[in-house]
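This report concerns only the one structure given below.
Counting starts at 1 for both ligands and their atoms, in listed order.
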Amino acid sequence: MCGIFGISDNKDASKLNYVGLFTLQHRGQESAGMAVDSKGSIHYYNGMGLVSEVFSNDMFQSFQGSSAIGHVRYSTTGSSNVNNAQPLFFNSYLGQTAIAHNGNLTNAAALRTQLQKQGAIFQTSTDSEVIIHLMAKYHRATIEDTIADNLNKLEGAYSFLFLSPGKMIGARDPNGIRPLVLGKLGKSYILSSETCAIEVVGGEVVREIEPGEIVVIEKGKLKFKKFGKPRKTAKCIFEQVYFARPDSVFSGRTVQLARYDIGRLLAREMKNVKADIVSGVPDSGTAYALGFAKESGLPYQTVFMRNRYTGRSFIQPDQKIREFTAHLKLAPIKDVIKGKTIILIDDSLVRGTTSKKIIKNLKKAGAKKIIMVIGSPPITNSCYYGIDTPTRKELIAAKLKTEQIRKFINADALHYLNLPDLIKACGNNKDKDFCTACFTGKYPTRTK
Ligand code: SF4
């Protein structure tokens, strides 16, 4: 999964882009990069690490332009190295272009082989590079027409940003699997994976880019264009479940409220449950737990101290240090836990190994019983669209029944949210157009 952010027609484009990318940091921590349009010439800079590690104060003195696009990366295809950091840059018949991609192209391998047979030389191992070769090979008179024609050859999930001299262009896949939002800041336009980044830079959200829509921003004007055959909209429901920032808006309401509602619906499903306290696995589980506590009348308590500094910077060079990792990330608060029956809510259960460790730690700290509650249905299928779920055989719910999973994680009870309630909460009681393939196996596109 990745985050993309672009801003047009602003003398502080690169600095505002930095702030936007910083806000989207939760969407990818492996690499970051930015491309700017500097008086009709595209310059770019990419590096490994967090946004604050890649960009320095000094570099902004020379790295300026009127428009900028940027990217934060978490790799799901292609290895984690600087070669695969985005934006990618190419110079073709159409001139200089930089691109930033969020999502996963399911037919990238087939297209790559076909293009290589025809002589294309790939520089990276990312799926995103295929669009560069397609655009270089099959071009039309304008870059926007070239983009529209070639996006039709892609399958899977994508939101793209393109930057060429004088133009910033955004595009969203025909199913709308990955998000892309348009914002405005004075005379500048913004394109962002999430609304939170538009608001943090002081902008206003205009609207979502529609599935199968291209927006061209040129000389301060917007031009919209549809491409491809209309398809059934299938927005990734996992954005609300886990991925997106709580202050971002999806389907007309903040993610925080969707998660809070999921908690309330869980409490309704579990009306007769008896417990002393309700708590959540940080961070996303907290909003679920607050909703559950409100609906059930049970007290909410924080049962873990979360260490905020154990991200990718926490090195795990040997077994001795690795042994401390789980406890170091989430340390149980003993006095709150001792002798209590705890309803513990997490957003999802993937392999089961993390829940098992958490429950073991809570019981060791004196918890009487753990009622494990999951804010989404059992994950039985892998994601091919850019969320990093493991292969099907590593997904615990693809192999075991709920009672067997309960035993494996050593919970005293285990309850999952049902799919209609998940859709109800995430769709604000109106929107039902979600991809739910990891729960149902019904994929909205070809997966190969
Ligand atoms: Fe999102 Fe699951 Fe669909 Fe992947 S399969 S896009 S994680 S809902």
Lys153 to Tyr138, cation-pi by 6.0 Å centre distance and 45° axis angle: yes
What about Tyr443 and Tyr384, are their ring centers closer than 6.0 Å? yes
Side chain, backbone, both or neither: Ile177 near ligand 1, heavy atoms under 4.0 Å: side chain
Give the atom numbers and elements of ligand 1 that come within less than 4.0 Å of a heavy atom of Cys236. 1 (Fe), 6 (S), 7 (S), 8 (S)
Under 4.0 Å to a heavy atom of Ile387 - the qualifying atoms of ligand 1, by number: 7 (S)
Can you tell me if Cys438 has an N, O or S atom under 2.8 Å away from atom 2 (Fe) of ligand 1? yes
Aromatic ring proximity, centroids under 6.0 angstrom, Tyr44 and Phe89: yes
Below 4.0 angstrom from a heavy atom of Ala437, which ligand 1 atoms are there? Numbered from 1 as shown, please. 5 (S)
Of Lys225, Lys226, Arg172, the residue whose pairing with Glu210 passes salt bridge (Lys or Arg N to Asp or Glu O under 4.0 Å): Lys226
Tell me which protein heavy atom sits closest to atom 8 (S) of ligand 1, plus the residue, atom name and distance to 0.1 Å. Cys435 O, 2.9 Å
Which protein heavy atom lies closest to atom 4 (Fe) of ligand 1, and at what distance to 0.1 Å? Cys383 SG, 2.3 Å
Backbone, side chain, both or neither: what part of Arg178 comes under 4.0 angstrom of ligand 1, heavy atoms only? side chain
Charged N to carboxylate O under 4.0 angstrom, Glu199 versus Arg245? no
Closer than 4.0 angstrom, basic N to acidic O: yes or no for Glu394 and Lys399? no
If the threshold is 4.0 Å, N to carboxylate O, is there a salt bridge linking Arg253 and Asp261? yes
Enumerate the atoms of ligand 1 whose separation from the nearest heavy atom of Tyr385 is less than 4.0 angstrom. 6 (S)
